[in-house]
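Here is the structure we will look at.
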Amino acid sequence: MVEKIIILDFGSQYTQLIARRVRELNVYCEIHPYNNIPAFDDSVKGLILSGSPCSVREEDAPDVDFGLFEGKFPVLGVCFGAQLIAHKAGNEVKASSTREYGRALLAGIKADEKLLAGIEEGSQVWMSHGDTIQGLSDNFDVISGTDSIGVAAFRKKGEEVYGLQFHPEVTHSVDGKQIIENFLVGICGCAQDWTSEHFIDTTVAELKEQLGDDKVILGLSGGVDSSVAAVLIHKAIGQNLHCIFVDNGLLRKNEFEEVLDSYKGMGLNVTGVAASQLFYDALKDEKDPERKRKAIGKVFVDVFDEESKKVDGAKWLGQGTIYPDIIESVSVKGPSATIKSHHNVGGLPDYMKLQVVEPLKTLFKDGVRQIGKALGIDQNIIGRHPFPGPGLAIRILGDVTPEKVAILQEVDHIFIQGLKDNGLYDEVWQAGVMLLPVQSVGVMGDERTYENVVALRAVSSVDGMTADWSRLPYDFLADISNKIINNVKGVNRVVFDISSKPPATIEWE
Ligand code: XMP
């Protein structure tokens, strides 16, 4: 049985980050909403209570029955979680008069406490709370304060119940990961054996059991998630996995051929479907971004359906769903739940009656990449930037034509290849180019030109939910701009997008 840590989510924007840190320490964990707690079996080694946008003082503040877990295994409360532990034991938590956002330095660390083993005085931690624990009753020990507050870390005397008012999961808490490791290993006794190899072995065994001799259909996109899902399922059931890779005519330059070749090289049973014209027909004269998305989604489903019918007796649909796709929908309150609704192109029609198999649904993106690496998948696929399902259609503002796609493919290729050649590709979370519905005047040779404007977009981000524009070197941008204007007929002006998300989005449509 895989040992695990349960994280109870009270709606903090950082809950997923706690889970990622735990996973990075090779311990499996699951996030569950505080109001839908799973049955705890012997595999549970400890519990973490997350932060929250709520205050424990609010009347309808989230609450849990501590009787379900206290005394059964160790508990660590983070921020709101810590305040909840203190509050339920009758201690006063109230709005703070000092500023408790941002950086603070630990002071008065009790070095013999396992939670803080190896942490030095003055270690920087990150605070983000409006309430503070005023003081603690005798059955608690304060195990550290900070330069500004009395209670930064505490322990319930003689019990494995701990609280941290700061956020150990954010990188600004310099020794935060060590503190989490102290909890996982020193206190919960986790073995830290949840490695990529372990994940692959157990997942493949489970898939074999689940799928038996059944046939599975899976839509490949060229992206990391669907590729890793395919290779895992392929390891379990071999040629009974039938992959479909659709050329919608909206992919990057040469992508269809190159990616199809590398899939075949991996031994996958894959059918490439050249369907560009169907997509162009459906997009004809369509200017509205959402209607473009819908049109693409519909044609995709039709094409996929047509191809699937050729796989006799298929019972399952394989999908590259990852953990954030699932947990986003159960967050309690607050900002983490809102933005992403439109992002997974086209569910499949119900009449297909396929059961869904999602081998990556417990992983974060970085975990998927690690598994992909351990599976020996080409770095070219694993390290790929995210790319929207509707592809270049939502980067061509206004109506889409094959001619515009051809121009954008050339421009995009110069930009992306430039990033790779200059060692910048992996520093950027996602990059691409927008073809604007704007002509501008230029001069080439002695000729006046009146041609297209393109906007380069490159962002840094962790998950696409928020993003900042990448500070690419001026000389690099100058070189790319020259190359584009000199080589791509139809473009005479290049601009660089310097908007962050929010308030802008990554894509322009
Ligand atoms: P935005 O533009 O909303 O994008 O900041 C966030 C992330 O989602 C991708 N994106 C999409 N992905 N279908 C997709 O599969 C879509 O319709 C879609 N729209 C945006 C975007 O590329 C970025 O990674």
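Scope of the values below: all heavy atoms of this structure, side chains included, with no hydrogens, waters or symmetry mates. Each ligand, and each atom within it, is numbered from 1 in the order the structure gives.
- Considering E507, R293, E509 only, the shortest heavy-atom separation from atom 19 (N) of ligand 1 involves R293.
- Taking the six-membered ring for Trp and thresholds of 30 and 60 degrees, W194 and F199 have ring planes more than 60 degrees apart, a perpendicular arrangement.
- A cation-pi arrangement is absent between K4 and Y28 under the rule of less than 6.0 angstrom and at most 45 degrees off the ring axis.
- Polar contact check, P390 against ligand 1: no nitrogen or oxygen pair lies under 3.5 Å apart.
- Here atom 5 (O) of ligand 1 lies nearest to K501 when heavy atoms of Q430, R395, K501 are compared.
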Could you tabulate the donor-acceptor pairs under 3.5 Å formed by side-chain atoms of residues 371-384, not counting sequence neighbours?
unit_1 : atom_1 : unit_2 : atom_2 : d
D378   : OD1    : N380   : N      : 3.0
R384   : NE     : N380   : O      : 3.1
R384   : NH1    : E255   : OE2    : 2.6

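- Among G297, P502, P388, the residue whose heavy atom sits closest to atom 9 (C) of ligand 1 is P388.
- For D479 and K483, the salt-bridge test passes: some basic side-chain N is under 4.0 Å from an acidic carboxylate O.
- With ligand atoms numbered from 1 in the order given, ligand 1 contributes 12 (N), 13 (N), 14 (C), 15 (O) to contacts under 4.0 Å with heavy atoms of G389.
- Residues meeting the ring pair (Phe, Tyr, Trp, His ring centres under 6.0 Å) test with H234, sequence neighbours left out: none.
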